[in-house]
Amino acid sequence: MAIEKGDIELAGVYKRFGDFTAVDGVNLRIPDGAYCCFLGPSGCGKTTILRMIAGHEDPTGGEILIGGQNVVGLPPVARRTAMMFQSYALFPHLSVRDNVAFALRVRGMSRADRYRVADAMLERVRITELANRLPGQLSGGQQQRVALARAAITEPKVLLLDEPLSALDEQLRIQMRTELRRMQRDLGITFVHVTHTQLEAIALADVVVVMEKGKIRQAARARDVYARPRDRYVAEFLGGQNVFRCRVESVNGRSVVVSGVDMSGIEVPVEAPGRIASGQNVDLAIRRDDIRLHRTPPSQGADWNSIGARIQAIEYQGAFVKVIMENVGDTEFVVYVPEREFFEEPFEVGESVVASWHAERALLLA
Amino acid sequence: MSARSNTAGWLYVSPLVAVLIPFFLVPIVVVLVASFLEHDGYGGMIAHFTLENYKDLFTSELTLRLYLGTIKFALLTWIGTLLIGFWIAYFLVFHVRNQLLAIGLFLLCTVPFWTSNIIRMISWIPLLGKQGLVNSVLMSTGVIDRPLAFLLFSDFAVVTAYIHQLTIFMIVPLFNSMSRIDKRTIEAARDAGASRFEIVRYIVLPMSRTGIALGSIFVLSIVMGDFFVVKVMSGGGSASIVSALFEDISVLQYPPAAASAVVLLVVVVIMIAAILRTVDIRKELGR
């Protein structure tokens, strides 16, 4: 098998700082030219992984391969990686052009040559008119473009981005998000992006890696992590799901019947029923937008499940309305109703309703 | 209302004014006035305006020699303290990972200051003297067969003592400046492929400019205004601006002494102004 030049492989990588294990045995393969997002709360080890790929931190154990070559111990330049730092770390005493040209300067390129290359890169990120400014005179979005240009100037195989959007305000963040994706397609190289914002991750990434406490919980395509989370942690971190604690009542063929607090006889299809036994505790996930609300029990087919609930709060969200139910057991229960549908016959806070969903839409978590 | 806010404003600055006027402004005015008076040669000053003191000063060849000599000491000391101070501060800030250890080592730099200036100077004598430690080691190892005479009571000894005394004044502002450098910019430079030397050259050095300027002000103005180190360490072989001034005072010729004090003040102020032009000191102090 021909190994692509910008693919990254982490094999049993772990990192300890004193007694603290920041990264706890991570195995992962990121294909060449992919946009990969590491997603997790602060302290989950995602930045440490990024820094180990970049060469700013050495793993305590394991191997890191870039383009099939073990890069542990190599300096960043030899890895052909470039990093875009959190809050950018631009050189405050150098002009935008000199910031971008810095890597070329230390490679010994003449002033005229490096300025030519830097100006071409500035044009690519659309900040040509700022070339002579100092970083302190730029807005957050402009600084980000400079940081991106500075990182991309060396034509790296892999670009590593540490929370690149966290210093920006909401509107700019969405704009720069599109920009990042455009740049990645443009450059055609692997991007590894660390974030704690799930919206950012699923909007950008080909591969989303959800992490918790130094371990990978799920690494999959954005749609898979969102729609088919592997466990409760991933489902809750990505959001958009209701996760109920249930108990398996019976297993029959391709589906199981579960019950929980305030619910019973709920049918859920499973792919491998052999691994589930009755009496087992499981987590049941149903997407918030897959649930319908009714005033009276609907007469739907046998493959529909329903439970009773009381509306606790209603939040208008624009495209949809967020209806918050009273907790089911200890878990929150939220339904997203399409905006138009909601206002045909609006529900009131305090109303008792029936929530129903098609059995196929429910998911049993590991 | 504006009268009241004016009063309040004056009240706010009054403590500083109360210190500055009697201890700074008045002495300078006294010296300035004295420099324009005649003297009777026995410690008395005659209240008669004259430019004679300045004329003597500017026509004397000695003045130029003294200034050149002192400026030479100042520049040599400046280079020495800058080289040593920069590397010590750089090491403490960027290479000592444990911050507690860095602060501990930083305090260690101040240990020599726990003893008096004179003791610190005298302690060079057994080290640099004809039968001193350096000479006897060099002779016993056969590197030289005659003691090196330039080690003590020489310009070399003066500059050595100055560097010993003043390096800390370079370390402190440099340490402060370098501590403010975001460590991630260093990493970013490393990420771009800069070697350790290139990081110092292109990132650390330009970003510690303010610290260098502050340290330079301390070192240069102290050397320019000193006579004691020159006197002791040169063994009386060299003189400085202030030592000539001190001679005037000891023979009770106050107006000529006042005139050379005023000239020195102007020269030092010009030096400091020149240094301040290269950096925005307010940026550093204000943050």
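Between A/Phe102 and B/Ala194, the shortest heavy-atom distance links the atoms CE2-CB, 3.9 Å. When all heavy atoms of A/Val77 and B/Gly193 are compared, the closest pair comes out as CG2-CA, 2.9 Å. Residues B/Ala188 and A/Ala89 come closest through the heavy atom pair CB-O, 3.9 Å.
A search for ring pair (Phe, Tyr, Trp, His ring centres under 6.0 Å) contacts involving B/Phe156 returns B/Phe150, not counting sequence neighbours.
Contact of A/Leu90 with chain B is made through the backbone alone, with heavy-atom distances under 4.5 Å.
For B/Leu68, the CG atom is densely surrounded, since the number of other residues' heavy atoms within 6.0 Å is greater than 12.
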Chain A against chain B: donor-acceptor pairs under 3.5 Å:
residue  : atom : partner  : partner atom : Å
B/Arg184 : NH2  : A/Ser87  : OG           : 3.2
B/Glu187 : OE1  : A/Arg51  : NH1          : 2.9
B/Glu187 : OE2  : A/Arg51  : NH1          : 3.3
B/Glu187 : OE2  : A/Arg51  : NH2          : 2.5
B/Arg190 : NH2  : A/Gly55  : O            : 2.8
B/Asp191 : OD1  : A/His56  : NE2          : 2.8
B/Asp191 : OD2  : A/Met83  : N            : 2.7
B/Ala192 : O    : A/Arg107 : NH1          : 2.9
B/Tyr202 : O    : A/His93  : NE2          : 2.8

